[in-house]
Novice: 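Have a look at this one.
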Amino acid sequence: MSCPDCFSGHIHEGTPKGSVTTLHGLNVYVAEPSGDPAHEIKGIVVIIPDAFGWDFVNNRLLADNYAEKGKYKVYLPDFMNGTAAPVWALDSIKAIMKTGSLYDWIIKPYHIAWAMYGMIPFIIHNRPGKSYPLVKSFFEALRRNEGARLPIGAAGFCWGGKHTVLLARGAEINGESLINAGFTGHPSFLDIPGDIEKLKLPVSFALGELDSNIRMPQIQQIQQIMESKEGEVKVYVGAGHGFCVRADMAADNVERQAVESEDQAVDFFNRYLTRVSFD
């Protein structure tokens, strides 16, 4: 289930370079590699974001980086239909965690109330049982159309990680897998070991050693199960929940781990998407 760490972190600096369109009934941020527009796209990567959704600058910058590093067309859809957690909730969580003065304790109930105001609607509207059918229908349409002759990868973070794992359990349309490979960073809502045992497609996991959602005993379960699956598990020492998306980029080691997780995803997609054949 969601916890305060799902709504905490840092906003990154930068200006997204992509465009916004409507695709299969959803608003979508689209990122493409720079350079020759005639250059062949290697595949499609769909980002299933964290609680802050498709218009959160961090998620859009991540889409840009995937497109540039991997030469993929990257889609970042509004799977939450306008009910993503508000970005100001990040400040509320920071204020709740402050304990340095008497004033911090006096004002804490105010920030708790605002945090609940921002977080509860997201939780109500985006329970995986309710949101997964929408995610699945988008991938079905994508496979029938833009992805009919291209490999498709799913990259899910926090809230989106559960959906990526569900897709990798073998979701199909007309006998064709909806995705060819998945990547997930610090996923939430996972049923461990059940969700991992049911994986049928390659998945790469980026997990934080100090993640409050998936603790080390569960990480070890995932590692053990993945020994007999196609995929990988990388544990980032000292990293907590949200490090792939909402890391403090002013901290050298944290920035390095965030960049490494980007490279982990791109390298994994390069290995597994480029081997897909439609002949």
Side-chain angles (χ1 to χ4, degrees), residues 16-49 54 59-79 132-157 160-185 199-206 229-232 244 261-279:
K17 301 175 183 178
S19 60
V20 172
T21 189
T22 301
L23 186 66
H24 307 309
L26 298 179
N27 290 324
V28 179
Y29 177 79
V30 183
E32 299 184 79
S34 60
D36 184 359
H39 182 78
E40 185 177 356
I41 297 293
K42 290 160 54 177
I44 296 170
V45 172
V46 180
I47 292 181
I48 313 177
W54 81 296
N59 290 326
R60 293 190 175 193
L61 292 173
L62 186 65
D64 290 349
N65 291 344
Y66 280 9
E68 199 61 44
K69 289 181 178 181
K71 306 305 177 187
Y72 295 106
K73 175 171 282 190
V74 182
Y75 293 133
L76 172 57
D78 182 13
F79 287 124
Y132 179 64
L134 176 63
V135 172
K136 185 171 180 283
S137 67
F138 180 88
F139 277 88
E140 288 172 345
L142 190 66
R143 178 58 82 190
R144 289 195 302 264
N145 295 278
E146 295 81 3
R149 303 291 297 175
L150 284 172
I152 298 174
F157 301 89
K162 172 74 172 185
H163 299 77
T164 297
V165 169
L166 291 176
L167 290 167
R169 284 166 45 173
E172 296 182 345
I173 184 169
N174 298 327
E176 191 78 27
S177 295
L178 299 187
I179 66 171
N180 300 104
F183 168 85
T184 179
L199 288 175
K200 296 181 180 179
L201 300 171
V203 177
S204 175
F205 291 84
K229 304 281 186 181
E230 234 180 338
E232 63 185 10
C244 296
S261 70
E262 282 183 16
D263 294 339
Q264 177 185 341
V266 172
D267 291 345
F268 190 76
F269 288 137
N270 285 344
R271 276 183 280 149
Y272 283 93
L273 297 189
T274 55
R275 73 182 191 181
V276 176
S277 173
F278 293 92
D279 297 331

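Since the structure is predicted, the reported quantities are computational estimates derived from the model, not experimental observations. Residue indices begin at 1 and follow the sequence shown.
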Novice: Give the intermediate values and the outcome of side chain to side chain contact (heavy atoms under 4.5 Å, CB included) for residues Lys229 and Val203.
Specialist: CA-CA 9 Å; Lys229 304 281 186 181; Val203 177; over 6 Å; no

Novice: Identify every side-chain donor-acceptor pair in residues 168-182 under 3.5 Å, counting partners at least two apart or on other chains, and give the distances.
Specialist:
| from | atom 1 | to | atom 2 | distance (Å) |
| --- | --- | --- | --- | --- |
| Arg169 | NH1 | Asp195 | OD1 | 2.9 |
| Asn180 | OD1 | Arg143 | NH2 | 2.9 |
| Asn180 | OD1 | Ile152 | N | 2.9 |

Novice: Is there side-chain contact between Phe183 and Val266, with heavy atoms separated by less than 4.5 Å?
Specialist: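 No, too far: nothing below the 4.5 Å cut-off.
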
Novice: Distance from Lys73 atom NZ to Lys42 atom NZ, nearest 0.5 Å?
Specialist: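 Here the interatomic distance stands at 15.5 Å.
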
Novice: Within the 4.5 Å heavy-atom criterion, are Tyr72 and Asn270 side-chain neighbours or not?
Specialist: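 A side-chain contact exists here, since the closest heavy-atom pair is under 4.5 Å.
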
Novice: Please check: side-chain N/O of Glu232 versus main-chain N/O of Pro202, any donor-acceptor pairing under 3.5 Å?
Specialist: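 Between the backbone of Pro202 and the side chain of Glu232 there is no qualifying donor-acceptor contact (under 3.5 Å).
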
Novice: Using side-chain heavy atoms (C-beta onward) and a distance below 4.5 Å, is Asp64 in contact with Tyr29?
Specialist: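 Contact flag for Asp64/Tyr29 side chains = yes.
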
Novice: Which heavy atom in Asp78 sits nearest to a heavy atom in Leu26, and how many Å separate them?
Specialist: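 Of all heavy-atom pairs spanning Asp78 and Leu26, the closest is O-CD2, 3.8 Å.
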
Novice: Looking only at heavy atoms, which two atoms of Phe79 and Ile47 are closest? And how far apart?
Specialist: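 Closest approach of Phe79 to Ile47, heavy atoms only: CE1-O, 4.0 Å.
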
Novice: Between Leu167 and Ala154, which heavy-atom pair has the shortest distance, and what is it?
Specialist: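 Smallest heavy-atom distance, with atoms named: CD1-CB, 4.3 Å.
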
Novice: Side-chain contact, heavy-atom cut-off 4.5 Å: Leu23 with Pro77?
Specialist: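 No, too far: nothing below the 4.5 Å cut-off.
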
Novice: Could you label the plane-to-plane angle of the Tyr132 and His163 rings as parallel, tilted or perpendicular, counting under 30° as parallel and over 60° as perpendicular?
Specialist: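 Aromatic pair Tyr132/His163 classed tilted.
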
Novice: Looking at Ala155 and Val45, what are the two nearest heavy atoms and their distance?
Specialist: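 Where Ala155 meets Val45 most closely, the heavy atoms are CB-CG1, 4.3 Å.
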
Novice: How about Asn27 and Thr22: do any of their side-chain heavy atoms sit closer than 4.5 Å?
Specialist: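 SC-SC contact between Asn27 and Thr22 confirmed.
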
Novice: Could you tell me the separation between the OG atom of Ser34 and the NZ atom of Lys71, rounded to the nearest 0.5 Å?
Specialist: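 Ser34 OG to Lys71 NZ: 5.0 Å, rounded to 0.5 Å.
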
Novice: Tell me if a side-chain donor or acceptor on Glu262 pairs with a main-chain N or O of Leu62 at a distance below 3.5 Å.
Specialist: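 Checked: no pair found.
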
Novice: Heavy-atom distance under 4.5 Å between the side chains of Lys69 and Asp263, does that happen here?
Specialist: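 Answer yes - side chains close enough.
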
Novice: Determine whether Phe139 and Ile48 make a side-chain contact, defined as any pair of heavy atoms from C-beta on separated by less than 4.5 Å.
Specialist: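 Side chain of Phe139 against side chain of Ile48, heavy atoms only: contact under 4.5 Å found.
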
Novice: Once you round to the nearest 0.5 Å, how far does NZ of Lys17 lie from CG of Leu61?
Specialist: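 Going from NZ on Lys17 over to CG on Leu61, the span is 9.5 Å.
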
Novice: So, for Glu146 and Ala141, which heavy atoms are closest and what is the spacing to 0.1 Å?
Specialist: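 In this case the closest contact between Glu146 and Ala141 is OE1-O, 4.3 Å.
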
Novice: Testing the basics here: between Ala67 and Pro33, what is the closest heavy-atom pair and its distance to 0.1 Å?
Specialist: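 Minimum heavy-atom contact is O-CB, 3.4 Å.
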
Novice: Any chance you could measure Trp54, atom CH2, to Tyr75, atom OH, to the nearest 0.5 Å?
Specialist: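 Output value for this atom pair is 14.0 Å.
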
Novice: Might you work through the side chain to side chain contact (heavy atoms under 4.5 Å, CB included) test for Val135 and Lys162, ending with a clear yes or no?
Specialist: CA-CA 11 Å; Val135 172; Lys162 172 74 172 185; over 6 Å; no

